[in-house]
Amino acid sequence: MVQQFANADLAGRRVLIPGGTGAVGEGVVRAYLAAGAEVVVPTRTPERAEEFRSILGELGSDRLHLVVHDYTTFAGADDLAEQMVSNLGGIDDVVAPIGGWWAGKRLWEIDEADWTSAFVSLATAHMAVARAVIPRLIRGGSYTVIVGASASWPVPSSGLVSMEQSAVLMMQQVLVAELEGSHRAFALVLGPVSTRSVAGEPDWVTSAQVGTIAVGLAADASRPGDVIRLTTPDDIAAALTLAEFS
Ligand SMILES: NC(=O)c1ccc[n+]([C@@H]2O[C@H](COP(=O)([O-])OP(=O)(O)OC[C@H]3O[C@@H](n4cnc5c(N)ncnc54)[C@H](OP(=O)(O)O)[C@@H]3O)[C@@H](O)[C@H]2O)c1
């Protein structure tokens, strides 16, 4: 995987990355660590924490705070945000690559368990983190959600993914409207991603590039909230150029 990180210096900045243990999240965690930030990665299970620590290897520095904590409920996210404020003194940025893929049924074939796992639990996790963190985010801080192009493109037999991602993308747009510039809310809308799990194709964005762009957006305080699409090579090149100059 290409390792490509922004030049931004985020030393002392405190970022929360729920979903950071995932294939896309790994690139975001690596980019923030490379930029010198304090990085909090909550994960729901000790097994996942152990696995992620071994994936990161030596990068698992004392600035990586990998905590086993259920951040996917309103109470759990609230507790996590409060702990971050009391232990680190505040929250500067959030990047939320919470999600995953689901496929195999048309909408009229799903059962309640599918609905709960592919829509309700993920949408709830995003909402729980946003409502817990936004009131505690420093002024000018950034909140970035990561979704797929399926948020605005119907994918037959993966409709629950499209619906959930669309809801999260709208959540970011509502945040932009409600925050009125006090904080910056971004959405990164991804095409297929080259990750530790899927090598992919040369024209796919890599998880490292997603991390670089997330760091670049956070570092550029003059950049207002926005939706950034990373679905074509031109999109990716343009976003990386902006990140380079942040
Ligand atoms: N991979 C791609 O090619 C690709 C392409 C386009 C868009 N995206 C988007 O990028 C985001 C991350 O995708 P990913 O491929 O990195 O997924 P992933 O590898 O499955 O990781 C997602 C992370 O979300 C967390 N999570 C919290 N609640 C969850 C739940 N109810 N079910 C499953 N995971 C849950 C998990 O962290 P813990 O278990 O540690 O809590 C997990 O590590 C998603 O929004 C996805 O749609 C990915």
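Side chains included, hydrogens not; waters and symmetry mates left out as well; all remaining heavy atoms used. Remember, it's 1-based here, ligands and their atoms both numbered in the order they're listed.
Within the listing of ligand 1, atoms 25 (C), 26 (N), 27 (C), 36 (C), 37 (O), 38 (P), 41 (O) sit less than 4.0 angstrom from a heavy atom of Y71. For ligand 1, the atoms lying closer than 4.0 Å to a non-hydrogen atom of Q165 are 45 (O), 47 (O). Every atom of ligand 1 is numbered from 1 in the order shown, and the set under 4.0 Å from a heavy atom of A23 is 16 (O), 19 (O). When each atom of ligand 1 is checked for a heavy atom of G19 under 4.0 Å away, the hits are 23 (C), 24 (O), 25 (C). Every atom of ligand 1 is numbered from 1 in the order shown, and the set under 4.0 Å from a heavy atom of G148 is 6 (C), 7 (C). Residue-ligand proximity, V193 to ligand 1, at heavy-atom distances under 4.0 Å covers atoms 2 (C), 3 (O), 4 (C), 5 (C).
If you check each of A149, G191, G200 against atom 5 (C) of ligand 1, the one with the closest non-hydrogen atom is G191. Between G99, G22, A128, it is G99 that holds the heavy atom closest to atom 17 (O) of ligand 1. The nearest non-hydrogen atom to atom 13 (O) of ligand 1, considering only V24, V210, T116, comes from V24. Comparing heavy-atom distances from atom 38 (P) of ligand 1 across V68, T43, V168 singles out T43 as nearest. Here the shortest heavy-atom distance to atom 9 (C) of ligand 1, taken over D70, I98, T124, V147, belongs to V147.
Counting only heavy atoms from C-beta outward, the side chains of E164 and H126 approach each other to under 4.5 Å. Between F74 and T124 there is a side-chain heavy-atom pair separated by less than 4.5 Å. Residues H183 and Y143 have side chains not in contact (no heavy-atom distance under 4.5 Å, counting atoms from C-beta outward).
Of all non-hydrogen atoms in S194 and G200, the two that sit nearest each other are OG-CA, 3.9 Å. Listed here is the closest heavy atom pair of V161 and S150: CG1-OG, 3.7 Å.
Taking distance alone, with nitrogen or oxygen atoms compared against 3.5 Å, L190 stays at or beyond that limit from ligand 1. Any N or O atom pair closer than 3.5 Å counts here, and R48 shares at least one such pair with ligand 1.
For the atom pair CD1 of I146 and CD of Q165, the computed distance is 10.5 Å after rounding to the nearest 0.5 Å.
Side chain of R184 to backbone of P224: no donor-acceptor contact under 3.5 angstrom is found. Between the side chain of D226 and the backbone N or O of I228 there is no donor-acceptor pair closer than 3.5 Å. The main-chain N or O of L242 is never found under 3.5 Å from a side-chain atom of R223 such that the two would form a donor-acceptor pair. Put simply, the side chain of D220 never gets that close to the backbone of G216: no donor and acceptor are under 3.5 Å apart. Using a distance-only test at 3.5 Å, with no hydrogens or angles considered, a donor-acceptor pair links the side chain of R14 to the main chain of L88.
Contacts with ligand 1 closer than 4.0 Å are made by side-chain heavy atoms of S121 only, the backbone lying farther away. Contacts between W101 and ligand 1, counted as non-hydrogen atom pairs separated by less than 4.0 Å, are absent for every part of the residue. If you look at L122 next to ligand 1, the close heavy atoms, those under 4.0 Å, all belong to the side chain.
Between I91 and the choices L80, V40, V15, L137, the side chain to side chain contact (heavy atoms under 4.5 Å, CB included) rule is met once, by L137.
Regarding atom 45 (O) of ligand 1, its nearest protein heavy-atom neighbour is I146 O, 3.1 Å. Distance from atom 36 (C) of ligand 1 to its nearest protein heavy atom, with residue and atom name: R44 NH2, 3.6 Å. From the protein, the heavy atom lying nearest to atom 12 (C) of ligand 1 is P97 O, 3.2 Å.
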